[in-house]
Amino acid sequence: MLPFDRLKLMQEPGRWPPFSVNERKPREWLLTISGLVLLFVLSTAIAMGYLVTRHPGKAEPNPGIAEEQRIEQGS
């Protein structure tokens, strides 16, 4: 089928083959779900790697919080 014929077929939805989600095989669902899980795991790993490499060590103390704590302890 030439690309032009595909374009013509796309413009005529009545000629499309019937498709139903129920007709998908379990293996196809497994591949879809495992692909989504893989994307989630990769994005989590990338985010954690960024946080670990770009923000090492302890957080800097917030002077406002330290001052509030001193005031509360002094009262």
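Atoms considered below: every heavy atom in the structure, side chains included; atoms not considered: hydrogens, waters and symmetry mates.
With sequence neighbours left out, Glu67 forms a salt bridge (Lys or Arg N to Asp or Glu O under 4.0 Å) with no residue at all. Under the side-chain contact (heavy atoms from CB on, under 4.5 Å) criterion, Val52 pairs with no residue, sequence neighbours left out.
Here Thr44 contributes atom OG1 and Leu39 contributes atom CG; the two are 10.5 Å apart, rounded to the nearest 0.5 Å. Atom CE in Met48 sits 11.0 Å away from atom OG1 in Thr53 (nearest 0.5 Å).
For residues 20-45, there are no ring pair (Phe, Tyr, Trp, His ring centres under 6.0 Å) pairs, not counting sequence neighbours.
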